[in-house]
Q: 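One structure, pasted below without further comment.
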Amino acid sequence: MFGRLFPGLPPFAEDTADTRARLLELGKPGGVMNPGDDAAGAPPLLNPDNPDPRLVAGFTFLGQFIDHDLTFDLTSRLDRQTAATLVENGRTPVFELDNLYGAGPVAHSFLYADNGGDPTVPAKFLIDAAAPWDVPRNSQNKAIIADPRNDENVIVSQFHFAFMRFHNAVVDRLVAEKKLPPQDIFKKAQQLVRWHYQWIVLHEYLPLIAGEEIVHSLLQVQLGPNPRRFIPVEFSVAAFRFGHSQVRTAYSLNPDFLVVPVFIAAIPAANPDPFDLRGGKRAPRRRVEWDRFFLFKGGDPSRIQQSKRIDTILSGPLFGLPSGPGIPQNFVSLAQRNLLRGLALKLPSGQGMARVLKVPVLSPRDLQDVKSLGFDRQTPPWFYILREAQVFGEGKRLGPVGAHIVAQVFTNLLRRDPDSFLSEQPNWKPTLTSNGKFGMADLLTIAGLAPPPRS
Ligand code: HEM
C-alpha cells in the first residue's frame, strides 16, 4: 500500500465539481501547460532543451524505468477520493528491478530462455533471435515482460531490453570466470545487476535531478526506527511525475527514424509501424541508437539529444495519449490525469509542503498565470513542483520541495533495504568496470549496445 509523507497537511483543495473543472482547465490541451506546442515539432522558445549538458535525453527514460520499478497504482480512481493507505502498489518499494525479473525464473519462467530443465544452466532472459533489438513479443505484439508499462513507448521498451542484455552479459562473465558453482550464478548476477543499477540511481541519476548537496546531506541523517516501507503518494503522484515535463516532443532514434513525435494519437492503433514512438510495435527502423541518448566515451556530442527543460509546460503529444500498453483511455491528457490523481489522493499544496520542510516558498507572483483558476496560493503539488524547478532551479533540476521528496524517498529506500549495497557493503564500489565508476554508458557497453567506434 502507499502512504503519506505529510499526514498532517490538508488536501490542496476540496473535492468539488468546481475544483475538478479548474484542474481540467489547467491541464487541458491548449491550456497553461500546453501553449501551442504540437506533435509536428516544438517551437524552440516554448519547449527548450535542459540547459545542463549532462541531462541528456536517456535520463528521462531511466526515470520512467525507475518509476516502474517502484510504483504501480493498481486501484485508485480518478473520479473519487481514496486514502493513500488503501491504494495498492503493484511494485515493491525497493530498488530491485521487479519490473525486469518479475517473480524470478521459477515463477515467471516465460521471461527466461529455456535451459532444457538443466538447473546448472543459469537463467538468462529470452532474446528473440528474429528481432535482436526488441523485447520478446507474442503473436499480437504484446511484450513478454514483467511490466506492461515498460512497453509504453519504444525508448523505455528498449531500455528494458538493454537491462535484459545487461543481466545476460553479467551471467556470461560469471560463467566464464568459473569461480562460482553454476547454481549460484543467477543469484550473484542478479545481485550485481541490482547493485550497479542502485549505484547509477544514487551516484549518477539522483545528483543530476536533485543536486549533489541534498543527496549528500540526506545520507548523513540518522535513520529512525524501521517503520513500514512504503511509497508516499506525494512522491508517486506529484514529485516523481516531474519526469513528464522532461519528455521532448520528438526524438531521433537512428538515421532512418529522425525527429519522430512521441505520439500521434490520430494514427490508428493497428498500424504496424507508425511514425511515432508508441510501444507495442516491432519494426527494424524503431531500433534505438543509444549514443543519441547518452554520452559515451569518445562519442559524438553533436548526436546527443537533451532532456526537455523541467517546467510547467508539457510536450504536445502528452495531451493526446493514444491507446497503448499502460495508457488508460478515459482521459488522454497526461496533465489532467496527474492533476486529478493529486486531488483523488488528497495531496497537500506545494506551499504547505515547502513550509513544513522549511524551504523557500513560491510567492503568488511566481504563480500569476494560475491566479484566475484559484491556484496561486494553494497550488496542486505536481504543478508547484514543476514551477519551483523553473523558478529555483532554472529548469535544470528539481526545486527545493521536489528535490527533497525525491531524494528522501530514494535514499531511504536504499538505506532501509537490507539487501541493497548501502546496507550490505556501504563501502562497495562497482566491480564491472576497472575504475570503480559506473554509469548508464558503462551499463549499455556491457550490454553490447554501445555505438561502434567511430572511424
Ligand atoms: C513518454 C513518456 C511517459 C508517458 C507517456 C507516461 C505516461 C504515464 C501515465 C499514463 C501514467 C498514469 C497516470 C495516471 O492515471 O495517474 C503515468 C504515471 C506515472 N509516471 Fe509517467 N509517463 C512517461 C514518463 C515518465 C517519466 C520520465 C517519469 C519519471 C521520471 C514518470 C513518472 C511517473 C510516475 C511516478 C507515475 C505514477 C505511477 C504509479 O504509481 O502508478 N513518467 N505516466
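One is the number of the first residue; the rest follow in order along the sequence. Just so you know, ligand 1 is whichever comes first in the structure, and atom 1 is the first atom listed for that ligand. All of these numbers come straight from a predicted model, not from anything done at the bench.
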Q: Less than 6.0 angstrom from the centroid, inside 45 degrees of the normal: does Arg194 satisfy that with respect to the ring of Phe95?
A: no
Q: Polar contacts were defined as any N/O atom of the residue lying under 3.5 Å from an N/O atom of the ligand; does this apply to Arg337 and ligand 1?
A: yes
Q: At a non-hydrogen distance cut-off of under 4.0 Å, which region of Phe331 contacts ligand 1 (side chain, backbone, both, or neither)?
A: neither
Q: Indicate yes or no: does an N/O atom of Glu152 lie under 3.5 Å from an N/O atom of ligand 1?
A: no
Q: If you count the atoms of ligand 1 from 1 in the order shown, which ones are under 4.0 Å from a heavy atom of Gly63?
A: 29 (C), 30 (C)
Q: Quick one: side-chain hydrogen bond (donor to acceptor under 3.5 Å, both in side chains) pairs with a partner in residues 229-241, sequence neighbours left out?
A: Arg241-Asn338
Q: Suppose I only count heavy atoms of Phe263 and a 4.0 Å limit; which atoms of ligand 1 are within that range?
A: 5 (C)
Q: In this structure, are over 12 heavy atoms from other groups packed under 6.0 Å from Arg285 atom CZ?
A: yes
Q: For ligand 1, which atoms, with element, lie under 4.0 Å from some heavy atom of Asn153?
A: 1 (C), 2 (C)
Q: As a test of understanding, state which of His160, Gln158, Arg137 forms a side chain to side chain donor-acceptor pair (under 3.5 Å) with Asp151.
A: Arg137
Q: Kindly confirm or rule out a cation-pi arrangement of Arg292 over Tyr251, judged by NZ or CZ under 6.0 Å from the six-membered ring centre and within 45° of its axis?
A: no
Q: Heavy atom of Phe59 under 4.0 Å from ligand 1?
A: no
Q: Quick check on contacts: which atoms of ligand 1 are under 4.0 angstrom from a heavy atom of Asp73?
A: 39 (C), 40 (O), 41 (O)
Q: What do we get for Leu334 next to ligand 1 when only non-hydrogen atoms under 4.0 Å count, side chain, backbone, both or neither?
A: side chain
Q: Please work out whether the ring planes of Phe275 and Phe257 are parallel, tilted or perpendicular, with thresholds of 30° and 60°.
A: perpendicular
Q: Any N/O of Arg341 closer than 3.5 Å to an N/O of ligand 1?
A: yes
Q: Taking the six-membered ring for Trp, are His244 and Trp382 parallel (under 30°), tilted (30 to 60°) or perpendicular (over 60°)?
A: perpendicular
Q: Run the numbers for me: atoms of ligand 1, each under 4.0 Å from some heavy atom of Tyr205, listed by number.
A: 30 (C)
Q: So, do Leu362 and Thr379 sit near enough that their side-chain heavy atoms are less than 4.5 Å apart?
A: no
Q: Applying side-chain contact (heavy atoms from CB on, under 4.5 Å), can you list everything that pairs with Ser76, at least two apart in sequence or on another chain?
A: Asp73, Thr82, Val87, Arg341, Leu345
Q: Just go through Gly342, Gly243, Ser245 and tell me whose heavy atom is the nearest to atom 30 (C) of ligand 1.
A: Gly243
Q: Would you indicate which of His244, Arg77, Arg149, Gln64 comes nearest to atom 42 (N) of ligand 1 when only heavy atoms are counted?
A: His244
